[in-house]
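Note sheet for the following structure.
Since the model is a prediction, treat every value here as computed from it, not as a measurement.
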Amino acid sequence: RLVLGVTRPLAPIVAQANSLLHGTLRVLGWVIAASAVLAFVLARLLVKPLAQMGQALARFARGGTMGSLPTQRSDEIGALAREVHTMGMQIQQQLALLHDNQEELQHLAQHDMLTGLPNRRYLQERLAQALAQAQRGGRRLALLFIDLDRFKDINDSLGHEAGDAVLVALAQRLQSTTRAADTVARMGGDEFVVLVDAPANRAHIAAIAEKLLQALQQDIAWQGHTLQVGASIGISCFPDDGQTVQEMLAHADRAMY
């Protein structure tokens, strides 16, 4: 038998293989570099708007105002940004409504529903603040405790509607007769209190009381009736007649009787 073979030197084959390997590695390197650049660009395109939305949400969480969002984009990120913007607006509306409700509840807790005047709770807080300021500044305070006369007769003869009309009218007169710095409050029933801040002297306080009495004694027209009430006023002064809220109220009430 005869075996025929063809031989070739190994060196050229190895050289060709190495050249092919080097070419393949270069192509692979360029592909990897291009992929990295493409990945970086895509990451910037995707991460930047997402980071912008994250910053906007963080700002909203801190201060309640939404920052700028990429809502103009036409892709999925733009749709997500628009949904986030809508959600933020709805949350802001709910927060504003909640704030308004809280203010309304706070107002109702501190004011009389019929006359709109501050109630007993508000007066006690205001009087405590005024006493603290007067003690630091060496000022005087006067507390006028007012009880209406003949109010029960009007309530019994004409009904509660007439009594309510009288209370509202007299509350408006008390507010219009006093200064803006003074506090007019309804204690309940037909009792009112006026806190006079920094009166000049006792004669000044007496003049204020006389002015209030004249305003309260004026006739009130109601559904064809002419209603007239009077008032009794008791006065307590700081620092002569009391140092605390309870002492000032008790002494003014006792003086009124």
Side-chain angles (χ1 to χ4, degrees), residues 1-113 116-137 180-181 183 185 197:
R1 297 194 176 112
L2 177 63
V3 178
L4 297 178
V6 179
T7 62
R8 188 177 180 184
L10 181 60
I13 298 176
V14 172
Q16 291 179 0
N18 289 335
S19 177
L20 180 61
L21 176 61
H22 292 159
T24 304
L25 291 177
R26 282 195 299 270
V27 173
L28 183 60
W30 282 109
V31 171
I32 293 175
S35 299
V37 172
L38 181 61
F40 177 78
V41 173
L42 291 176
R44 291 287 295 176
L45 293 176
L46 295 176
V47 172
K48 184 177 180 179
L50 292 177
Q52 185 179 3
M53 284 191 288
Q55 293 173 359
L57 290 174
R59 180 180 176 185
F60 180 77
R62 290 194 302 268
T65 56
M66 185 71 71
S68 60
L69 293 170
T71 56
Q72 302 300 324
R73 295 173 64 104
S74 58
D75 55 4
E76 289 78 3
I77 294 179
L80 178 60
R82 288 187 288 273
E83 290 294 333
V84 171
H85 178 72
T86 302
M87 179 188 67
M89 295 296 295
Q90 292 175 348
I91 293 176
Q92 285 180 334
Q93 292 175 357
Q94 294 296 326
L95 289 176
L97 180 61
L98 179 61
H99 183 264
D100 292 341
N101 291 338
Q102 287 178 338
E103 288 186 345
E104 183 178 358
L105 290 175
Q106 183 70 14
H107 180 82
L108 291 176
Q110 295 182 338
H111 289 76
D112 176 54
M113 294 184 61
L117 292 177
N119 57 16
R120 179 190 295 268
R121 173 185 174 186
Y122 181 92
L123 174 70
Q124 291 176 340
E125 295 176 356
R126 175 71 184 88
L127 180 55
Q129 295 174 357
L131 287 172
Q133 294 174 356
Q135 290 172 355
R136 290 193 300 268
T183 302
D197 192 11

Q.
Just verifying a value: how many Å separate Asp197 CG and Gln129 CD, rounded to the nearest 0.5 Å?
A.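 The CG atom of Asp197 sits 11.5 Å away from the CD atom of Gln129.
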**Q.** Gln110 CD to Leu117 CG distance, which is reported to the nearest 0.5 Å
**A.**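 Reported to 0.5 Å precision, the distance equals 13.5 Å.
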Q. So, Thr24 side chain and Leu20 main chain: donor-acceptor pair closer than 3.5 Å or not?
A.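 It does hold such a pair.
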Q.
On a heavy-atom basis, which atom in Asn119 and which in Ala109 lie closest, and how many Å separate them?
A.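 Taking Asn119 first and Ala109 second, the nearest heavy atoms are ND2-O, 2.9 Å.
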**Q.** Qualifying residues under salt bridge (charged side-chain N to carboxylate O under 4.0 Å, His left out), relative to Arg120, sequence neighbours excluded
**A.**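 None.
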